[in-house]
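Here's the structure we're looking at; comments come further down.
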2 protein chains.
Amino acid sequence: MNRSSSLHSPTFSPLYRQIKDLVLRHLESGEWGPGDPIPSESELATRFGVSQGTVRKAIDEMAAENLLVRQQGKGTFVATHKDPGSYFRFLRLLPNDGETRLSQSVPLECWRAKAGADVARILALEPGSPITIVRRLLKLGDEPVVFDEIYLPSELFPDLSLEILRSAESLYSLFETRYGVRMIRADERLRAVAADRVSAEWLQVTEGSPLLLVERVTFTYGHKPVEWRRGFYSTRNYHYHNELG
Amino acid sequence: MNRSSSLHSPTFSPLYRQIKDLVLRHLESGEWGPGDPIPSESELATRFGVSQGTVRKAIDEMAAENLLVRQQGKGTFVATHKDPGSYFRFLRLLPNDGETRLSQSVPLECWRAKAGADVARILALEPGSPITIVRRLLKLGDEPVVFDEIYLPSELFPDLSLEILRSAESLYSLFETRYGVRMIRADERLRAVAADRVSAEWLQVTEGSPLLLVERVTFTYGHKPVEWRRGFYSTRNYHYHNELG
DNA sequence: TAGTGGTCTAGACCACCCA
DNA sequence: GGGTGGTCTAGACCACTAC
């Protein structure tokens, strides 16, 4: 263990960050998969040759970043989208009246294409790379609320199809379990736009009525972009909720 | 110092949280004001009769919540909206093309009224309590981008006027320095709406064109709501940016 | 009872800032 | 050089879970 590489070195990083990087590598490689327990703090400490407090600080940071989940008395686990509690971490939609309804994801279309300049830039692909495009509708208690168009690198999701999409509970848990791609962070850009014909039909609103356009780039480990998504939100009965801390 | 009040007590809280509450009380009372340094960790440790590590953990949490700001070698300071870096913490607006422009807050109107049922509920006031309403325009490089209508309890901002608003750099730093009200957290609800006549005129868009409506409730210490704000965002050249962690 | 994470301590040393 | 926050250690004990 490089204990500091210190003395004004520009690549200095404290021990606990080096530990964090080591643990991260185990996550990236899939050696410790979503839902699995990772070794105990004391075991990691002896394995890495540092004190338990140092391991603790590394894990603290990763828990704060939603990469790991601690459970007192049981252990520390790799975070997973199968956990229903983490579902609304990426869907900031709440009903105006507070009454939660059942949500249902309805896949509409799924086809292959070649990445245009925009998608290629956003997903860090070569222009012309094979991509998979998915359209789907999110219904909340029989009301269509979100119409999504999702762009994915085909290389990572080789056999994705409508059949497979229909069998999944949630997109991100499907990506995680079937393709080993874990979504950990996303950037969203929100705009108000007028509904075009396609969105208007699916969302059952009149063409030209205001919709919330949510463009999302989703990243997996190592800041690697793996999904681009344009979602049209009907905000008659729902709103996008955000907390500013 | 109540070291645990433990043994299955429902009001159990660890030492460092009790320290945190003590520090919080100093902030709420204004004894340690925005921008001021707070006592050093070692001094707080001896003052409260705990170890430095315990104080450290308390301050860690408060720094993570943007209540305090640590500066290695200098000390720990009470967070302030005068710090220009904290300006965009509550304004998640970015230009589509990435080029930042000068921002300018233009106060339009300021008058008193009585709280209706809605405002009273949101601001936890008695219906009919005196409130102050402010309208203002946010310009980014000569383009009007946000039209805000702001509802405040008059009791907290007794002499607020257009004159005073015009002299301020930013609203929240004004509230902080002149009225001792520090905004620390906010809840936002976003919707897409059609521009009404008033908003359309101020934002120089055609009536009925889509606008992003951002409704914000802002809180000071103790989860006390102190501002309600309805902002109409023109999202032609700008977007609302959000990171999902 | 054994193993896990959670809290707390005391003390050492490092990195940074300023007078 | 003296004060501040930042890192790291070793060890103790508490709280929770499972068996």
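Naming convention: chains lettered A, B, ... in sequence-line order (proteins, then strands); numbering from 1 in each chain.
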I'd like to check the ring pair (Phe, Tyr, Trp, His ring centres under 6.0 Å) partners of B:Tyr16; sequence neighbours left out, ordered by chain and number.
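Per chain and number, B:Tyr16 pairs via ring pair (Phe, Tyr, Trp, His ring centres under 6.0 Å) with no residue.
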
State which residues pass salt bridge (charged side-chain N to carboxylate O under 4.0 Å, His left out) with B:Glu143; sequence neighbours excluded, sorted by chain then number.
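Partners of B:Glu143 by the salt bridge (charged side-chain N to carboxylate O under 4.0 Å, His left out) criterion, ordered by chain and then number, come out as B:Arg236.
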
Residues in salt bridge (charged side-chain N to carboxylate O under 4.0 Å, His left out) contact with B:Glu99, at least two apart in sequence or another chain:
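Residues passing salt bridge (charged side-chain N to carboxylate O under 4.0 Å, His left out) with B:Glu99: none at all.
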
Counting only non-hydrogen atoms, which of residues 30-42 of chain A are less than 4.0 Å from DNA chain D?
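Here the set is empty: none.
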
Could you list all N or O pairs between the protein and nucleotides 17-19 of chain C that sit under 3.5 Å apart?
none

Would you be so kind as to tabulate the donor-acceptor pairs closer than 3.5 Å made by side chains of residues 66-78 of chain B, with sequence neighbours excluded?
residue : atom : partner  : partner atom : Å
B:Asn66 : ND2  : A:Gly245 : O            : 2.8
B:Arg70 : NH1  : B:Asp60  : OD1          : 2.5
B:Arg70 : NH2  : B:Glu41  : OE2          : 2.1

At a heavy-atom distance below 4.0 Å, what parts of residues 52-61 of chain B sit against DNA chain C?
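DNA chain C contact set from residues 52-61 of chain B: B:Thr54, B:Lys57.
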
Five-pair end axes of the helix from C:dT1-D:dA18 to C:dC18-D:dG1 and the angle they enclose, rounded to 10°
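One end axis against the other gives 10°.
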
Just to verify, what does B:Ser40 make a side chain to side chain contact (heavy atoms under 4.5 Å, CB included) with, not counting sequence neighbours?
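By the side chain to side chain contact (heavy atoms under 4.5 Å, CB included) rule, B:Ser40 matches B:Ser42, B:Glu43.
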
Taking only residues at least two apart or on different chains, which pairs with a member in residues 82-94 of chain B satisfy salt bridge (Lys or Arg N to Asp or Glu O under 4.0 Å)?
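Every pair satisfying salt bridge (Lys or Arg N to Asp or Glu O under 4.0 Å) with a residue in residues 82-94 of chain B: there are none.
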
What pairs meet the salt bridge (Lys or Arg N to Asp or Glu O under 4.0 Å) rule with one or both residues in residues 149-164 of chain B, with sequence neighbours excluded?
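Qualifying pairs: B:Arg135-B:Glu149, B:Asp159-B:Arg178, B:Glu163-B:Arg166.
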
Once side chain to side chain donor-acceptor pair (under 3.5 Å) is applied, do any residues pair with A:Arg216, and if so which ones, sequence neighbours excluded?
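Partners of A:Arg216 under the side chain to side chain donor-acceptor pair (under 3.5 Å) test: A:Tyr172, A:Glu188.
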
